[in-house]
Amino acid sequence: MNNKYNINFPENMNKLKEFSERMKQITEPLNSLLSNICANTEYFSELGEKIRIAKENPNSLLNLYEYVDRLSDYFWTKPYKMSAKEMKCIIEKVNSDKEFDNEISKYFSNEKLGELFEDINCYITSKHRVLFSQIEYAFYNKKYALANNGILAIIDEMCTYYLINKGCTSRVNLFEPIIRDLDEEKSDKSLIILIMILNSNINTLYDDIEFNKEIKISTSKKIRRNPCQHGRSYSNKKIDTIMLLNTVYNMLVLRKYTNKYKSKLMYNRSLKEFSIPNTEERRKLKRKIKEEIEKRYEKQNSI
């Protein structure tokens, strides 16, 4: 036979055999798995039924984790006083943050907004009361950009509640060490999920926006802390203000369950992450902060 293409048949047959053996190693376990599935159709039928029931239950863990994903996508924390049933209904109806905002706008009636303002007024610290009363005035007079600036200042300060170094300006993933710690303690999953949603909301709010380019924000809600507080861009949308008010409310509620983390978080600049330091690390950090304050004080007095 004329070997027109100079093919080494024995060598290629060996390669083919080797390839066949490798495929056999892959297909045999798959065939075994398929056989087991077929042999255990009753088990998988029961599993499928349990998943169906979980999906139908608005309060199931399966749906709660779905809420985490969707609320994170839509730049929201858990909407004020919204039941799991109402949440499930909206989540299944919408496919974008704009559609979600439209549904949420209907949910936040004038009555609901009045209750939200009242509850925040009850829980908010005394140092924020005057500012918050002005925020409320601005909101009801449709001065949403003014209201947003004020709310952002309150959120910013509320984040420092958890920080050892109150001068730290980083906020991204602030709640991650708390989530990990609560998870290790086997705390209530609903609480952990609430914090996960809040953490995602804060992360989006504190997006690292490039100031040297035209500021373009892809989401329906345009409010971001850094460009707003530095005078680069503003939002004058009512839905943005409602979203921020909702964030404030959730942070106030959360404090009751996370007060043991007050002044306990440390930020590592090189790793760009927060952690819960041990007692000795906390002492060192506090000592360092005190020394820096004393140096600045001495420098000011020497001028």
Side-chain angles (χ1 to χ4, degrees), residues 58-82 84 86-88 90-92 94-101 103-104 107-108 148 151-152 154-163 168-184 187-209 217-229 235 237 239-255 257-258 261 265 267 271-276:
N59 290 294
S60 70
L61 269 179
L62 188 67
N63 278 318
L64 289 177
Y65 282 115
E66 173 71 6
Y67 304 155
V68 172
D69 288 339
R70 299 293 288 276
L71 288 173
S72 297
D73 289 343
Y74 301 151
F75 193 8
W76 272 87
T77 51
K78 181 180 180 296
Y80 172 75
K81 289 187 176 179
M82 180 176 281
E86 289 171 306
M87 173 68 71
K88 187 175 185 295
I90 291 177
I91 289 290
E92 290 175 347
V94 303
N95 292 300
S96 69
D97 62 327
K98 188 173 182 179
E99 290 178 7
F100 186 81
D101 286 351
E103 292 299 321
I104 287 291
Y107 173 78
F108 276 100
N148 290 341
I151 302 169
L152 284 170
I154 290 175
I155 291 173
D156 215 21
E157 201 282 329
M158 287 176 76
C159 287
T160 66
Y161 174 84
Y162 300 96
L163 300 175
C168 174
T169 56
S170 297
R171 299 289 183 267
V172 174
N173 287 325
L174 172 70
F175 292 101
E176 271 200 357
I178 296 175
I179 293 168
R180 286 195 299 268
D181 196 57
L182 290 172
D183 191 46
E184 287 173 7
S187 298
D188 180 16
K189 291 292 183 188
S190 297
L191 172 61
I192 294 173
I193 286 169
L194 176 66
I195 303 173
M196 287 169 68
I197 297 171
L198 182 59
N199 187 65
S200 178
N201 181 261
I202 294 294
N203 287 353
T204 306
L205 194 57
Y206 283 83
D207 265 351
D208 186 15
I209 305 292
I217 297 171
S218 59
T219 59
S220 173
K221 291 173 287 303
K222 305 301 181 185
I223 190 72
R224 296 294 187 277
R225 186 268 182 194
N226 293 333
C228 186
Q229 296 297 76
S235 166
K237 292 174 67 177
I239 191 63
D240 283 12
T241 312
I242 296 173
M243 182 274 293
L244 291 176
L245 288 168
N246 194 68
T247 299
V248 170
Y249 175 77
N250 276 281
M251 290 188 77
L252 288 169
V253 170
L254 188 64
R255 276 193 182 182
Y257 303 100
T258 57
Y261 299 106
L265 300 189
Y267 184 69
L271 296 176
K272 294 185 177 181
E273 66 179 24
F274 290 95
S275 63
I276 302 173

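Counting from 1, the numbers follow the sequence of the chain as shown. Values reported hereafter were calculated over all heavy atoms of this structure, with side chains retained and with hydrogens, waters and symmetry mates removed.
For the residue pair Asp181/Tyr261, the side-chain donor-acceptor check at 3.5 Å is satisfied.
No side-chain heavy atom of Asp101 sits less than 4.5 Å from a side-chain heavy atom of Tyr74. Side-chain contact between Phe108 and Met82: absent, with no pair of heavy atoms (C-beta onward) separated by less than 4.5 Å. At a threshold of 4.5 Å between non-hydrogen side-chain atoms, the residues Asn199 and Ile178 do not count as touching. Two residues are said to be in side-chain contact when any heavy atoms from C-beta on lie closer than 4.5 Å; Arg171 and Asp156 meet this criterion.
Arg255 forms a cation-pi arrangement with Tyr161, by the criterion of a distance under 6.0 Å to the ring centre and an angle within 45° of the ring axis.
Taking a 6.0 Å sphere around NZ of Lys98, one finds it holds 12 or fewer heavy atoms contributed by other residues, nucleotides or ligands.
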After noting the C-alpha distance and the side-chain angles of Ser235 and Arg224, does the key distance pass the side chain to side chain contact (heavy atoms under 4.5 Å, CB included) rule? CA-CA 8 Å; Ser235 166; Arg224 296 294 187 277; over 6 Å; no
Set out, in order, the CA-CA distance, both residues' side-chain angles and the distance that settles side chain to side chain contact (heavy atoms under 4.5 Å, CB included) for Ile223 and Phe75, then state yes or no. CA-CA 10 Å; Ile223 190 72; Phe75 193 8; 4.3 Å; yes
Before giving the answer on side chain to side chain donor-acceptor pair (under 3.5 Å), spell out for Asp97 and Trp76 the whole-Å C-alpha distance, their side-chain angles and the decisive distance to 0.1 Å. CA-CA 9 Å; Asp97 62 327; Trp76 272 87; over 6 Å; no
Kindly indicate, with the supporting measurements, whether the criterion side chain to side chain contact (heavy atoms under 4.5 Å, CB included) is fulfilled by Leu191 and Leu254. CA-CA 8 Å; Leu191 172 61; Leu254 188 64; 3.8 Å; yes
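Taking the six-membered ring where the residue is Trp, the centroids of Tyr162 and Phe175 are separated by under 6.0 Å.
In this structure, Arg180 pairs ionically with Glu176, as a charged nitrogen and a carboxylate oxygen lie closer than 4.0 Å.
Annotation: side-chain contact (heavy atoms from CB on, under 4.5 Å) contacts of Asn250 (sequence neighbours excluded): Thr77, Lys78, Leu194, Asn246.
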